[in-house]
Every structure is written in structure tokens, then in C-alpha cells.
Amino acid sequence: MTTESPFETRLHRCQDALSDDETLVLFPSPNLLYLTGFEEEPAERHLLAFVTPGDFAIVAPEMYADQIIEETYIERVDAWADGDDPMAVVEDVLSRLGVEGGRVLLDDRMFALFSLDLQAALPNAEFGLASAVLDDLRIRKDEGELDALREAGRISDEASEAIRAMGAEAVGMTEAELAAEIGAEMEARGGDGFSFDPIVGSGPKGAQPHYRHGDREIRAGEPVILDFGTRYDGYPGDQTRTVVFDGEPPEEFERIHAVVHDALDAAVEAVEPGVTAASVDEAARSVIEEAGYGEQFLHRTGHGLGLEVHEAPYIVEGNETVLEPGMVHSIEPGIYLDGRFGARIEDIVVVTEDGCERLNHSPRTWEPL
Ligand code: GLY
Ligand code: MN
Ligand code: MN
């Protein structure tokens with residue numbers, strides 16, 4: 001007796017979620033990885049997987065055929081060689097699967113090039129996005145995914161503490177040098193690279209929420225936003241602490257940091273099954289608004305976390321998605337004072353039966369450790 005791989009189980013759940021006239025077309029992306037275990041960078045060659053309620057096929061360059069069969073449960077690849085017309089193979093596959101039109105749901109990450117090819121091949125189809133079906137599966141994590149996310153969180157936390165313990169030693173280093181140290185600390189603890197380009201935003205750079213890092217030297221008394229994570233078993237960490245390595249920060253920094261910390265706590269307190277994503281955003285936002293900094297909270301409160309660092313559910317005004325156990329998302333309120341400094345604190349939480357589990361535990365204070 002053979003046991004089904006977790007990826008095959010996901011494929012079957014996805015097929016059960018499709019209506020009779022729906023076909024998913026996937027491209028190298030987190031969606032394809034989620035359903036098959038096959039991981040590849042998006043590229044210019046036609047590599048397209050087709051999922052119908054009762055069938056599956058994958059069209060791939062010949063050079064990938066053995067690899068796909070060896071690495072996944074997939075037993076057949078419809079291959080094409082460089083120099084062939086890949087769309088001729090796609091058309092044969094569509095005809096074998098009986099796909100003539102209906103609703104064709106394209107991978108949200110698919111290049112426009114392939115999307116136009118498919119629209120030309122299926123002129124009678126109505127096109128939509130694969131996320132319409134897949135988000136609902138990917139949004140609730142299974143135990144294996146949660147374990148990987150916990151471990152990614154633990155490694156990121158330990159690296160954060162090690163970096164903060166540098167104290168005055170970090171003063172005079174450039175943001176880029178500190179980013180490299182962060183990478184080394186995570187690697188030494190079993191992390192697999194950065195889950196996204198790390199943010200080391202010192203002084204005024206910290207007022208730009210998605211600044212990355214540069215050649216600016218860290219100064220004493222300056223707030224520094226440290227937002228980074230690593231991957232473990234394919235799943236990312238993402239946490240933020242705003243710290244002062246040495247010396248006394250501006251008085252207003254202490255005030256905004258305390259407000260951001262209160263906003264984080266209020267949002268964590270608000271997370272439980274049955275509440276909407278928007279209500280968690282509101283819990284954080286109202287604390288910051290009441291303190292008079294509403295205009296300086298420049299972004300949503302959070303985002304889901306899974307194979308992708310940003311995915312559903314988005315913790316944002318207007319999102320009526322109801323939270324359920326197994327959903328994972330960030331809570332990352334921030335206040336940004338243009339040209340001066342910023343403060344953000346970010347933890348990842350898992351929605352549980354009666355509230356939430358935090359995946360980050362490193363000190364949320366700004367003081368040197
Ligand atoms: N990578 C920035 C964030 O979402 O936390
Ligand atoms: Mn982050
Ligand atoms: Mn985040």
C-alpha cells in the first residue's frame with residue numbers, strides 16, 4: 001500500500017474545491033510548490049501545470065522531465081524541447097483534459113507572456129485568478145507548516161537577541177554590515193538565507209517603512225529598525241524590533257515606541273477565531289490614533305505568512321475575512337516621523353481555538369540587551 005504524499009493530498013483538496021467547468025493553470029510559484037512540492041524560479045520557458053476536477057497534467061521543458069518525476073508524486077510530464085513550439089504541447093494537453101473553455105484560473109504570479117498565450121489558445125474561456133481557489137486552502141496551515149514557521153520564528157528571534165547584544169559595538173557599523181551580521185547569525189542557527197532583503201533602517205531611514213539597508217553608519221542614540229527573518233524548511237520568519245544600540249534616544253522616540261508597543265498588544269489581544277481581519281487592524285490603529293499619530297501609521301497592521309512572506313489574510317481596513325484556527329499573520333504597527341526616525345514592532349501569530357499563539361518572543365523593548 002502506498003501512502004499519499006501531503007502534496008498529493010493538497011492537490012486532491014484543490015480538485016474537490018474546483019467547479020466542474022474550472023481549470024487551474026499554475027506556473028513556477030508558491031502555488032505550484034504548495035500543490036506538487038516542485039520548486040523552480042519563474043522563467044521564460046513554458047512550464048505550466050493544469051488542474052481540473054478529475055485530472056492533472058504538467059507541460060515542461062524536456063530538461064526538467066526527470067527532475068519533476070524524481071522530486072514529486074507526478075508520474076508523467078508532457079515535455080517539449082528547446083526549438084519546439086511549446087504551445088503545440090499545451091494545446092494537446094488541453095485537448096486530452098477536455099478543456100475547451102469554462103473558467104480558467106491563472107496563477108497570480110504567472111508572467112503576462114503565458115497568460116496571453118493561454119488566452120489565445122482558449123478564446124472561449126472566462127479567465128480569473130487561481131487565488132480565488134487556492135487562498136482558501138493555503139490560508140489555514142497544517143501542523144508541518146506550523147512547526148516550520150515556529151522554528152523560523154525561533155531562529156530569527158535568537159539572531160535578533162545576538163545582534164542586540166552587540167550594543168555599542170554596532171555603533172559605527174554600516175547598515176549593510178549589520179545586515180550581513182544578521183544573516184550570519186541566522187545561518188549559524190540553521191536558518192536558510194534571508195526570507196526577504198533585511199531592513200536595517202537607522203535614524204531617518206527608519207521613517208521609510210520598506211527601506212532596506214545601505215551604507216549609512218549607525219550612530220549612538222539613534223533608533224534602528226531591524227526587520228528580518230530566515231527560512232526553515234521552506235517557511236519564513238518575519239519579525240521587527242526597533243532598538244537603540246547605545247546612548248539615549250530622542251524623547252519622542254520613547255513615546256512613539258510605547259504607543260506602538262501598546263498597539264501591538266491591543267491587536268494580539270483582539271485575535272481569536274470569529275473576528276475579522278479588519279477588526280484586528282482597527283484594534284492596533286485606534287491605539288495609535290488616540291495617541292495622535294494616526295497619520296504617521298503609514299500601512300496596514302499585518303499580512304498572512306506561509307510559503308510567501310506576504311499572503312492572505314491581509315490585516316487591513318475593509319478585509320472582512322473571518323479569522324480561523326490555523327491562520328498565521330503578522331501584527332506590525334509602526335509610527336514614522338518623516339526625516340527623523342520610525343518605530344515598528346512585529347510579531348507573527350497563529351490563530352488558535354481560543355486566541356492566538358505568538359511565534360516571536362525576543363524582548364520588545366528598545367533598550368540594549
Ligand atoms: N518585509 C516587511 C514586512 O512585511 O514585515
Ligand atoms: Mn517584517
Ligand atoms: Mn511583516
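Every number for a ligand or one of its atoms is a count from 1 in the order of the listing.
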Please state whether the separation between the Mn ion (ligand 3) and some N/O/S atom of His310 is under 2.8 Å?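 Given the 2.8 Å cut-off, His310 does not count as a ligand of the Mn ion (ligand 3).
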Look at the N, O or S atoms of Asp227, main chain and side chain alike, and state whether any lies under 2.8 Å from the Mn ion (ligand 3).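 No.
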Considering non-hydrogen atoms of the protein only, which is the closest contact for atom 1 (N) of ligand 1, and what is the distance?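 Scanning the protein heavy atoms, the shortest distance from atom 1 (N) of ligand 1 goes to Phe196 CE1, 3.4 Å.
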What protein heavy atom sits nearest atom 2 (C) of ligand 1, and how far away is it?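 For atom 2 (C) of ligand 1, the nearest protein heavy atom comes out as His210 NE2, 3.2 Å.
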[X] side chain near [Y] side chain, heavy-atom distance below 4.5 Å:
| X | Y | result |
| --- | --- | --- |
| Trp80 | Glu62 | no |
| Val316 | His299 | no |
| Thr242 | Phe253 | yes |

Ligand 1 atoms in contact with [X] (distance to a heavy atom under 4.0 Å):
| X | answer |
| --- | --- |
| Glu332 | 3 (C), 4 (O), 5 (O) |
| Asp227 | 2 (C), 3 (C), 5 (O) |
| Glu346 | 5 (O) |

A cation-pi test, strictly: NZ or CZ of Arg103 under 6.0 Å from the centre of the six-membered ring of Phe127 and no more than 45 degrees from its axis. Yes or no?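 Geometry flag: not set, cation outside 6.0 Å or 45°.
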Whether Arg109 engages the ring of Phe27 as a cation-pi pair (distance to the six-membered ring centre under 6.0 angstrom, angle to the ring normal within 45°) should be assessed.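 Checked: cation-pi criterion not met.
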For atom 4 (O) of ligand 1, which candidate among Arg344, Arg212, His310, Arg300 holds the nearest heavy atom?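 Closest candidate by heavy-atom distance is His310.
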With the Mn ion (ligand 3) as the point of reference, which N/O/S atom of Asp238 is the closest?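 Of all N, O or S atoms belonging to Asp238, OD2 is the one nearest the Mn ion (ligand 3).
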Which is the closest N/O/S atom of Glu332 when seen from the Mn ion (ligand 3)?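 Closest to the Mn ion (ligand 3) among those atoms: OE2.
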State whether a side-chain donor-acceptor pair under 3.5 Å links [X] with [Y].
| X | Y | value |
| --- | --- | --- |
| Thr9 | Glu4 | yes |
| Asn31 | Arg138 | yes |
| Asn319 | Thr321 | yes |

Taking the Mn ion (ligand 3) as the vertex, what is the angle from OE2 of Glu346 to NE2 of His303, given to 10 degrees?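 Value returned, to the nearest 10°, is 130°.
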Does Asp238 come within less than 4.0 Å of ligand 1, judged by its heavy atoms?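 Under 4.0 Å: yes for Asp238.
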